[in-house]
Amino acid sequence: LLKLILILILMKLKSLIVVLLCIVVCSSCEQPPIEAYAVLPQPQEINYIQGFVKLKDKPMVVYANELSNEALLLASYLKNDFAVEVTLEEGKDKGDVILLLDSTVLPDKKGGYVLEAAGSRITIKASTPEGVFNGVQTLRQIIKEREGRLTVQKALVTDYPAFSWRAFMLDEGRYFKGKEVVLNLLDRMAELKMNVFHWHLTDDQGWRIEIKKYPKLTEVGAFRDSSEINHFHSNVFDGKPHGGFYTQDDIKEVVDYAAKRHIMIVPEIEMPGHASAAIASYPWLGTTGKQIKVPCNFGVHYNAYNVADPRVIQFQGDVLEEVIALFPSPVIHIGGDEAPRTRWAVCPKCQALVKKEGLKADKKHTSEDRLQSYCMKRVEQFLNERGRQIIGWDEILEGDVAPNATVMSWRGMQGGIEAAKLKHDVIMTPNDYVYFDYYQSADKEQEPMAMGSCITVEKVYNFEPVADELADEEKKHILGAQANVWTEYIGTPEHVEYMMVPRMAALAEVQWMMPEKKSYQGFLNRLGSLAEFYKRDNVNYAKHILPEVVPAQTK
């Protein structure tokens with residue numbers, strides 16, 4: 001019996017020694033650190049899990065049949081970003097990357113999604129294809145190559161945008177850039193989850209969209225003899241003819257490309273001002289009826305449509321009929337900015353219309369201001385009858401605002417604040433925060449030609465579209481924010497890229513993140529990851545802040 005007891009004691013001691021040795025060995029094994037995602041814009045919520053999902057050399061992407069577009073785009077991204085070929089399978093429930101539609105996922109957060117990297121697979125699910133697409137953009141940024149394998153830090157991401165209108169505007173009225181530039185811009189927007197492209201297609205210096213009923217708009221209005229160089233009113237010209245326009249087939253291709261990336265294109269057809277190119281094409285559109293040339297100099301011109309002439313009203317309707325046939329957007333931008341009233345003040349037809357309609361001046365507005373409002377209301381009614389709404393710059397507040405108009409506040413924030421108090425929907429695009437044709441550095445001598453003062457990346461990042469002075473009900477009318485690239489001084493695609501990037505990444509966080517979660521230093525820490533995309537794609541990005549960028553932090 002004693003011998004048996006001794007044997008049992010020795011066995012237990014042996015087991016205990018083995019357990020202790022295991023503990024010692026395991027404690028000496030370091031767990032790999034969690035690698036925080038370097039995503040722009042930063043997701044609303046990330047819960048990290050220890051370990052990595054390792055993708056196969058030829059991963060399988062499975063998807064619901066309504067998500068074939070998103071699956072094809074994911075396959076193209078993986079091929080372009082990482083030279084990885086994928087297998088696509090529709091309707092299966094097992095794969096390396098799974099794209100799902102689930103009506104219970106963030107149903108009240110349009111564009112929201114949940115991304116789960118766990119076990120051996122990655123799942124992206126949302127209540128809409130747009131949400132799945134946004135999840136795909138996040139996935140692109142969190143895939144990293146480790147020891148010859150594509151891996152993703154395990155985590156659960158719950159994400160959705162702060163604003164429904166996350167926009168970027170390109171002016172092509174001044175300098176025509178061409179289809180490839182626009183398609184590349186749409187790709188830059190998509191990777192940052194922007195969802196509205198505002199396309200400024202007509203202005204004094206050029207008409208860029210084919211209108212079949214009025215062919216001279218592009219035969220004449222799309223070309224000018226020269227372009228002013230140096231700053232406004234320099235009267236120094238380059239002597240080089242400039243021009244170009246989009247055919248309706250081009251427009252359809254771009255609209256389709258954008259739609260696949262869940263970007264709505266809002267066309268802008270300027271009226272009643274910024275109309276010189278149209279008047280050069282058809283002189284009877286103006287108040288004098290005289291032939292003019294497409295202007296070569298920039299700045300505001302005094303030519304405006306003769307809004308009292310029935311032929312002009314017919315012209316505006318005919319143009320808009322062709323525009324709405326090309327663009328499925330529920331809103332059409334009709335400009336309304338910087339329309340000088342001087343020609344209307346001396347136009348007999350315009351003054352007769354002012355008298356007929358009883359458009360009287362008051363302490364704030366001239367009768368010509370009222371005439372512009374009258375014109376805007378008439379255009380709005382035309383579009384409303386065809387199921388569309390109008391957007392205009394904040395000058396449409398001067399006079400009587402068209403009742404259902406959305407207002408773009410560009411002359412600071414005040415116009416948007418006033419419009420929200422009047423219960424108009426508002427897009428905040430103030431020139432002192434988000435005009436990307438402004439200088440990026442105070443050291444202007446080291447910068448290419450630009451407009452105005454200096455708007456740094458940090459200033460863009462600190463922009464808050466919703467003013468504190470608005471009541472809660474009024475704040476709901478602030479749909480979102482938009483940056484604008486006006487191109488009076490920006491003649492080349494490379495210059496456009498330089499002015500956009502990386503300021504548009506800062507804007508993306510303004511548009512997507514909740515204000516209380518924003519951190520400029522956090523943004524800088526993550527920007528280096530996106531810069532790798534820019535280098536790979538040969539984007540001519542501005543490098544002012546990149547020396548400050550540090551690698552993404554481990555957690």
### Task
Answer with yes or no after comparing the ring centroid distance for H333 and W199 against a 6.0 Å cut-off, counting only values under it.
no
### Query
So among K79, K58, K56, which one has a salt bridge (Lys or Arg N to Asp or Glu O under 4.0 Å) with E85?
K79
### Query
Can you tell me how far CD1 of I390 sits from CD1 of I334, rounded to the nearest 0.5 angstrom?
3.5 Å
### Query
How about Q521 and N525: does a side-chain donor come under 3.5 Å of a side-chain acceptor?
yes
### Task
Would you mind telling me which of F168, W410, W393 makes a ring-ring contact (aromatic ring centres under 6.0 Å, His included) with H198?
W393
### Task
Determine whether the side chains of Y77 and Q137 contain a donor N or O and an acceptor N or O closer than 3.5 Å.
yes
### Task
Validate the cation-pi geometry between K177 and Y175: distance from NZ or CZ to the six-membered ring centre under 6.0 Å, angle to the ring axis within 45°.
no
### Query
Between F133 and Y113, does the ring centroid distance fall short of 6.0 Å?
no
### H495 NE2 to Y489 OH distance, which is reported to the nearest 0.5 Å
11.0 Å
### Query
Does the side chain of Y461 pick up a donor-acceptor pair with the side chain of E509 at under 3.5 Å?
yes
### Message
Quick check: do M499 and Q440 have side-chain heavy atoms less than 4.5 Å from each other?
### Response
yes
### Query
What heavy-atom pair brings R149 and D57 nearest, and what distance separates the two atoms?
CD-OD1, 4.2 Å
#### Entry: Distance (rounded to the nearest 0.5 Å) between L320 CG and D318 CG
9.0 Å
### Task
Using the ring of Y433 (Phe, Tyr or Trp, six-membered ring only), decide whether K459 places NZ or CZ under 6.0 Å from its centre and within 45 degrees of its axis.
yes
